[in-house]
Amino acid sequence: MDELLDVVDLVADSGFEGIVTWLVRIVGLVALLGGLGLWLFTEMGLLVVPAVLILAGMVLLVAPSILLLTAELA
């Protein structure tokens, strides 16, 4: 966890925090929409893949804000 906070702190210090945050959010949005698309528009017998994609997408949408807030507080 400390290594992750060091990387976030390095990104925040370099001034690229906005770009990295939006890239992670875009990846999360694509994963979320992909999971919803698989769940709603296909007849997949195994619903684990769409559920994992939806959960990962939600985490990636929220994680950048939480990580940057944690880095600022630390």
Side-chain angles (χ1 to χ4, degrees):
M1 185 70 181
D2 290 334
E3 292 84 14
L4 183 62
L5 287 177
D6 289 339
V7 170
V8 170
D9 191 34
L10 178 70
V11 169
D13 289 341
S14 68
F16 294 121
E17 63 194 37
I19 295 169
V20 172
T21 301
W22 280 106
L23 284 175
V24 172
R25 285 180 180 161
I26 288 171
V27 170
L29 184 64
V30 168
L32 180 69
L33 292 175
L36 285 173
L38 282 174
W39 181 50
L40 294 174
F41 300 120
T42 63
E43 294 182 16
M44 293 186 67
L46 183 66
L47 292 177
V48 174
V49 175
V52 169
L53 280 173
I54 292 170
L55 183 64
M58 290 176 140
V59 168
L60 287 174
L61 284 172
V62 176
S65 303
I66 293 173
L67 284 176
L68 287 173
L69 180 67
T70 306
E72 289 178 9
L73 292 176

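Since the model is a prediction, treat every value here as computed from it, not as a measurement. Residue numbers count from 1 along this sequence.
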State, to 0.1 Å, how close [X] and [Y] come at their nearest heavy-atom pair, and which atoms those are.
X     : Y     : answer
Gly35 : Pro50 : O-CB, 3.5 Å
Val24 : Pro64 : CG1-CG, 3.5 Å
Ala31 : Gly57 : CB-CA, 4.0 Å

Membership question, hydrophobic clusters at under 4.5 Å side-chain separation (ILVMFWY): are [Y] and [X] in the same one?
X     : Y     : result
Ile54 : Leu40 : yes
Val27 : Val30 : no
Leu47 : Leu32 : yes

Seminar exercise, completed: When rounded to the nearest 0.5 Å, the distance separating CG of Leu38 from OG1 of Thr42 is 5.0 Å
Listed partners of [X] passing side chain to side chain contact (heavy atoms under 4.5 Å, CB included), at least two apart:
X     : result
Leu29 : Leu33, Leu61
Trp22 : Arg25
Leu23 : Ile19

